[in-house]
There are 2 protein chains.
Amino acid sequence: MYRIGELAEKLSVSTDTLRYYEKHKLLAATSRADNGYRLYNEEALRVMQFIIRAKGVGFSLNEINGLLSIKIDKASHSCADVKSFTEQKLTQVNDKIAELQCFKGSLELLVAACCGGEEEATHCSILSALENVDAINK
Amino acid sequence: MYRIGELAEKLSVSTDTLRYYEKHKLLAATSRADNGYRLYNEEALRVMQFIIRAKGVGFSLNEINGLLSIKIDKASHSCADVKSFTEQKLTQVNDKIAELQCFKGSLELLVAACCGGEEEATHCSILSALENVDAINK
DNA sequence: TTTGACCTTGGAGTATACTCCAAGCTTTAT
DNA sequence: ATAAAGCTTGGAGTATACTCCAAGGTCAAA
Ligand SMILES: [Zn+2]
Ligand SMILES: [Zn+2]
Ligand SMILES: [Zn+2]
Ligand SMILES: [Zn+2]
């Protein structure tokens with residue numbers, strides 16, 4: 001059994017994070033020592049690794065909560081459930097990327113239009129573009 | 001002069017948003033009517049359009065605050081200032097896109113690996129991948 | 001005059017994921 | 001014995017951008 005600090009160290013997360021996850025029903029300590037200290041077993045370690053990996057592919061803690069309920073009772077869920085869950089996330093990510101690509105395109109236009117010199121910004125094309133409706137697409 | 005509701009309507013934002021921007025020093029009402037109502041002039045309208053456009057290219061309200069201070073006193077700033085500000089934002093956006101592309105790639109692998117059938121999720125490759133360190137890169 | 005639409009304020013709530021703090025107990029080492 | 005390190009709790013703070021609410025004043029029309 002690991003104490004909270006040991007598990008945190010092993011996973012490179014903070015003890016605060018572990019307590020935060022417990023408070024938010026993602027992962028409870030396996031048990032408590034006589035002195036009240038949290039104790040975690042190997043399974044808890046694996047669950048934390050699951051959470052960390054799920055975060056690594058973009059799932060939010062809330063979504064991970066959903067994944068964990070499925071993981072806990074796999075027999076009550078189908079591959080279709082898991083796959084559509086993941087596809088939804090992918091769609092979300094794609095939407096966000098599209099939005100950022102749009103920002104990127106506009107910002108590149110702005111950067112390209114500005115001389116970047118040390119003179120006064122009174123003639124700056126970036127500011128003009130943001131001031132005038134049309135300037136940005138010119 | 002526009003009352004808050006008129007300006008909000010014209011710009012397709014909520015009156016709450018306008019009050020929020022005032023509270024956060026982005027745009028104060030031009031003046032107040034005798035009854036205490038906020039009044040906005042054409043310049044305020046243009047400033048709001050500036051804010052909206054700046055949001056449209058990805059700037060946060062905090063960053064827009066910075067842009068507005070430059071806009072208000074262009075003579076004290078250079079094109080270099082504005083350009084580097086914009087370039088920083090672009091870098092930030094690019095970083096975020098890269099992170100999301102990474103999520104996207106992983107999610108696509110996961111989706112591709114899962115059969116998506118109606119059987120029990122006990123054999124689901126998505127869950128296995130999140131459970132095992134190595135499975136995700138296989 | 002009364003109704004409805006519009007305005008005011010301060011403050012709380014939402015979502016996300018922690019991070020930090022105070023006050024205090026436990027354990028280990030010196 | 002005492003200090004340092006580690007643990008406990010509840011709760012506040014951070015960043016972002018609103019959104020909603022209550023309680024109440026204002027204004028124009030019927
Ligand atoms: Zn220039
Ligand atoms: Zn410029
Ligand atoms: Zn399957
Ligand atoms: Zn599957």
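Within every chain, numbering begins at 1; the chains are lettered A, B, ... in the order of the sequence lines, protein sequences first and strands thereafter.
Atom CG of L18(B) and atom P of dT19(D) are 12 Å apart (whole Å). For M48(B) and dA17(D), the CE to P distance is 13 Å, given to the nearest whole Å. Going from atom CG of L61(B) over to atom P of dA17(D) covers 4 Å, rounded to whole Å. As rounded to whole Å, 14 Å separates atom C1' of dC7(C) from atom CG of D34(B). To the nearest angstrom, C1' of dT16(D) lies 11 Å from NZ of K89(B). dC6(C) atom C1' lies 13 Å from atom CG of L39(B), rounded to whole Å. What separates NZ of K23(A) from P of dT16(C) is a distance of 17 Å, to the nearest Å. Residue N62(B) contributes atom CG, which lies 13 Å from atom C1' of dT14(D) at whole-angstrom precision.
Residue-level contact check: K55(A) touches the backbone only, with heavy atoms under 4.0 Å from sugar-phosphate atoms and none from bases. Using a 4.0 Å heavy-atom cutoff across all strands shown, D16(A) reaches at least one base atom of the nucleic acid. Within the nucleic acid shown, R38(A) comes within 4.0 Å of sugar-phosphate atoms alone, with no base atom in reach, counting heavy atoms only.
Shown for residues 3-12 of chain A: residues whose heavy atoms fall under 4.0 angstrom of DNA chain D, namely R3(A), I4(A), G5(A).
Nearest approach of L68(A) to V47(A), heavy atoms of both residues: CD2-CG1, 4.0 Å. Closest approach of I70(B) and L127(A) over heavy atoms only: CG2-CD1, 4.0 Å.
Note: Q49(B) CD to N132(A) CG = 9.5 Å, rounded to the nearest 0.5 Å. The NE2 atom of H123(A) sits 8.5 Å away from the OG atom of S128(A) when rounded to the nearest 0.5 Å.
Considering only the side chain of N35(A), dT26(C) comes nearest among dG11(C), dC7(D), dT26(C). Of the candidate nucleotides dC18(C), dT8(C), dT19(D), dT19(D) has the atom nearest to the side chain of S14(B). The side chain of R19(A) lies closest to dT9(D), out of dC7(C), dA17(C), dT9(D). Nearest nucleotide to the R32(A) side chain, out of dT16(D), dA17(C), dT8(D): dT8(D).
Heavy atoms of other residues, nucleotides or ligands lying less than 6.0 angstrom from CD of E6(B) number more than 12.
Side-chain contact between L39(A) and R32(A) is absent, with no heavy atoms from C-beta onward closer than 4.5 Å. Contact annotation: the side chain of Y40(B) approaches that of I4(B) to within less than 4.5 Å [non-hydrogen atoms, C-beta and beyond]. A 4.5 Å side-chain heavy-atom check between L27(A) and M48(A) finds at least one atom pair inside the cut-off.
Note on Y20(A): every side-chain N or O is 4.0 Å or more away from OP1 and OP2 of dT16(C).
Across the interface with DNA chain C, nearest-nucleotide mapping of E22(B) and H24(A) shows E22(B) to be the residue nearer the 5′ end. Of the two residues near DNA chain D, Y37(B) and G36(A), the one whose nearest nucleotide lies more 5' is G36(A).
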